[in-house]
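Below, chain A is the first sequence line, B the second, and so on; all start at residue 1. As the structure is a computational prediction, the values presented were derived from the model and not from experiment.
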Protein chains: 2
Amino acid sequence: MTQPSTPKAAKPKPAKDAPREPKAAERILTTAGELFYREGTRAIGVDEIVSRAGATKPTLYRAFPSKDHLIAAYLEGQGEGFWTYFEAAAGKHPGDPKAQILAFFDELGERATRPGYRGCALTNAAVEYPAADHPGRLVSVEHKQGLRERLRQMTKAMDARKPKKLADALLLLIEGVYVSSQLFGPDGPAAAAKGAAQALIEAHTRPEPE
Amino acid sequence: MTQPSTPKAAKPKPAKDAPREPKAAERILTTAGELFYREGTRAIGVDEIVSRAGATKPTLYRAFPSKDHLIAAYLEGQGEGFWTYFEAAAGKHPGDPKAQILAFFDELGERATRPGYRGCALTNAAVEYPAADHPGRLVSVEHKQGLRERLRQMTKAMDARKPKKLADALLLLIEGVYVSSQLFGPDGPAAAAKGAAQALIEAHTRPEPE
DNA sequence: TCCAATACGTACCGGTCTGTAACGTTGTCA
DNA sequence: TGACAACGTTACAGACCGGTACGTATTGGA
């Protein structure tokens with residue numbers, strides 16, 4: 001009776017190279033991520049997360065020690081995602097830090113006008129949790145320090161007169177895009193970011209008038 | 001028996017010109033403001049507000065229809081405070097919009113390094129409440145639109161080539177200062193804001209090379 | 001002297017929050 | 001067959017949430 005080809009597969013049959021269906025803990029993390037980003041981490045309770053993820057609270061708490069740690073894991077993922085697209089933009093112009101940064105601003109401006117855009121999850125989390133020891137805030141602060149460092153490295157590579165100042169100014173523009181997009185929507189000041197970045201880079205690298 | 005000067009005043013005796021002691025509703029608003037700014041509005045419950053204000057919940061709810069409206073009232077006050085110091089900075093340089101804006105950046109940079117600085121309450125509230133119809137968010141959005149308009153007015157007055165673009169770029173810097181101060185503390189990128197603003201204004205008003 | 005308005009407190013409501021305990025079920029691999 | 005991992009089910013704890021029904025003291029005026 002057990003034919004080789006059963007019409008209805010009794011076992012899900014992992015099939016090795018087939019895309020395994022995500023485990024409960026993964027579903028929880030991705031579902032939480034979507035909800036956290038859209039509504040903010042304080043606005044979403046664990047009950048809603050597990051119910052939407054098709055899981056249960058004990059499963060959540062077996063995978064994450066607390067909601068705060070789930071938030072931290074979500075932010076880690078966001079940070080990795082940031083670096084992926086930051087370095088992708090930089091990769092378009094090897095050896096040309098000016099063009100690399102401008103490519104990033106291009107990408108940023110494009111993202112900031114997409115529907116549902118709500119800025120940088122890590123920045124938002126730092127606003128939501130002012131307490132210095134919150135696990136989520138720690139992830140955010142570390143990430144932003146890394147970004148500051150990366151920008152400095154690039155402004156040094158372009159021989160800016162004051163690379164640290166230029167990097168910080170660019171960082172201000174980036175963070176400004178993040179929050180002002182939430183305030184103003186698609187027609188906000190974010191569209192001015194790339195031009196401003198260009199002008200600042202220009203001002204810092206233009207040959208000094210004798 | 002009722003002498004004109006009683007040793008112990010039975011009545012508090014308003015005394016007309018004496019500084020009246022604040023009513024419970026006022027105490028609630030100011031106390032809520034401090035707590036909201038320091039910890040965020042979602043982190044503070046009404047119980048803590050009234051207990052620290054030496055009042056009770058019914059008093060709160062007689063003065064404000066809901067916690068959200070209390071938040072909105074707090075943000076209104078913050079907005080007024082902003083305009084007070086914005087126009088104070090502008091008032092130092094009548095008729096000179098460039099100097100007015102730079103004076104504001106001076107003031108902003110000074111504030112951003114003060115202990116306990118946590119950025120702009122209105123920006124923070126917009127991050128905390130993405131829902132478009134939240135009373136607090138409405139106050140924030142309106143305020144920021146007003147700021148954008150005011151900046152445009154000033155960049156027009158300085159005959160910038162692209163006044164709207166310049167105003168938006170300045171706004172990005174301002175919002176960047178607000179959030180990055182929370183991320184990085186007193187040694188953050190905020191110190192680069194004034195120089196960047198100066199460079200951008202310069203670039204937008206420098207006589208065009210023929 | 002009495003009344004009405006004002007200003008406030010006591011005590012409580014139902015609901016939601018994060019987090020946990022105890023136990024059952026299923027699939028896998030040796 | 002048996003051990004183990006992964007997950008679900010149910011129920012609950014304890015704190016905290018925003019919000020309210022109702023009682024009370026004080027005051028100013030008729």
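- Residues A:Arg38 and B:Pro130 form no side-chain contact, since every pair of their non-hydrogen atoms from C-beta on lies 4.5 Å or further apart.
- Proximity of A:Lys57 to the phosphate of C:dG19: no side-chain N or O atom is located under 4.0 Å from OP1 or OP2.
- Ranked by how close their nearest DNA chain C nucleotide is to the 5' end, A:Ile44 and B:Pro58 are led by B:Pro58.
- Taking atom CG of residue A:Asp47 and atom C1' of nucleotide D:dC12, one finds them 13 Å apart after rounding to whole Å.
- Within 6.0 Å of the CD atom in B:Glu142, the count of heavy atoms belonging to other residues, nucleotides or ligands does not exceed 12.
- As judged by a 4.0 angstrom heavy-atom cut-off over every strand, A:Ala55 is placed among residues touching the sugar-phosphate backbone only.
- In this entry the distance linking CG of A:Leu60 with C1' of C:dT20 reads 13 Å, nearest Å.
- The separation between A:Arg62 atom CZ and D:dT9 atom P is 11 Å, rounded to whole Å.
- Between B:Glu48 atom CD and D:dC16 atom P there is a gap of 10 Å when expressed in whole angstrom units.
- Look at A:Arg42 and you won't find any side-chain N or O under 4.0 angstrom from OP1 or OP2 of C:dT16.
- Contact annotation: B:Tyr61 does not reach the phosphate of D:dT20 (side-chain N/O to OP1 or OP2, under 4.0 Å).
- Note: A:Tyr85 and A:Phe82 meet the aromatic proximity criterion, with ring centroids under 6.0 Å apart.
- Considering only side-chain atoms of A:Thr56, the nucleotide from C:dT18, C:dC8, D:dT9 that sits closest is D:dT9.
- Rounding to whole angstrom units, NZ of residue A:Lys67 and C1' of C:dT20 are separated by 17 Å.
- At least one side-chain nitrogen or oxygen of B:Thr59 sits closer than 4.0 Å to the OP1 or OP2 atom of C:dG9.
- As rounded to whole Å, 12 Å separates atom P of D:dC17 from atom CG of B:Leu35.
- Going from atom CD1 of A:Ile28 over to atom P of D:dA6 covers 14 Å, rounded to whole Å.
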